[in-house]
Amino acid sequence: MKCHSYVVATALWLIAANDAKAQAWVLPSGEGAISFTWQRIDNTGHRRTDGFLVPHGKSLDMSLYLEAEYAFTNRFSVTAGLPYVFAKY
């Protein structure tokens with residue numbers, strides 16, 4: 001009986017769910033945006049599963065991300081992004 005109540009509860013929850021939306025709002029028609037993100041991570045060593053710090057294996061990781069968005073109409077916009085990630089061991 002307990003399993004039956006879980007099935008019924010899950011079915012009711014799925015029926016009551018709202019539609020998902022892609023984003024809260026779109027830019028006004030004819031407007032666009034460009035964003036640039038940069039990240040640098042300098043690893044000074046690695047930790048093993050027992051917590052011991054291994055000072056060897058230092059690495060430098062960097063990432064760049066360029067994104068552009070343009071709204072063709074008040075209800076339709078396009079976004080494109082270009083990531084670039086590189087590392088030095």
Side-chain angles (χ1 to χ4, degrees):
M1 187 68 174
K2 202 175 207 181
C3 182
H4 178 69
S5 61
Y6 286 126
V7 172
V8 171
T10 303
L12 289 174
W13 179 72
L14 289 173
I15 291 170
N18 292 332
D19 292 337
K21 305 296 183 204
Q23 66 189 62
W25 60 86
V26 180
L27 292 173
S29 178
E31 290 193 16
I34 296 175
S35 64
F36 177 75
T37 306
W38 173 71
Q39 181 180 29
R40 180 179 187 266
I41 302 171
D42 189 5
N43 296 308
T44 57
H46 295 281
R47 294 209 177 261
R48 294 187 178 187
T49 57
D50 62 357
F52 179 74
L53 177 63
V54 179
H56 304 293
K58 297 178 182 180
S59 64
L60 177 65
D61 304 314
M62 299 178 97
S63 64
L64 307 169
Y65 184 68
L66 177 66
E67 181 178 274
E69 178 180 15
Y70 184 76
F72 291 99
T73 67
N74 288 336
R75 296 179 55 96
F76 177 71
S77 68
V78 174
T79 303
L82 180 65
Y84 182 69
V85 179
F86 52 97
K88 177 183 176 185
Y89 298 102

Exercise answer: donor-acceptor pairs, residues 59-66 side-chain atoms, under 3.5 Å, sequence neighbours excluded:
{"from": "S59", "atom 1": "OG", "to": "N43", "atom 2": "ND2", "distance (Å)": "2.9"}
{"from": "D61", "atom 1": "OD2", "to": "N43", "atom 2": "ND2", "distance (Å)": "3.1"}
{"from": "Y65", "atom 1": "OH", "to": "E67", "atom 2": "OE1", "distance (Å)": "3.0"}

message: Please find the pair of heavy atoms, one from I41 and one from Q39, that lie closest to each other, and give the distance.
response: CD1-NE2, 3.9 Å
task: Count the heavy atoms belonging to other residues, nucleotides or ligands that lie under 6.0 Å from CZ of F52, then report whether that count exceeds 12.
output: no
- prompt: For the residue pair S77 and A71, what are the closest heavy atoms and their distance?
  reply: CB-CA, 3.7 Å
- request: State, to 0.1 Å, how close L27 and A33 come at their nearest heavy-atom pair, and which atoms those are.
  value: CD1-N, 4.3 Å
- request: List for me each residue that meets side chain to side chain contact (heavy atoms under 4.5 Å, CB included) alongside Y70, sequence neighbours excluded, and say none if there are none.
  value: F72
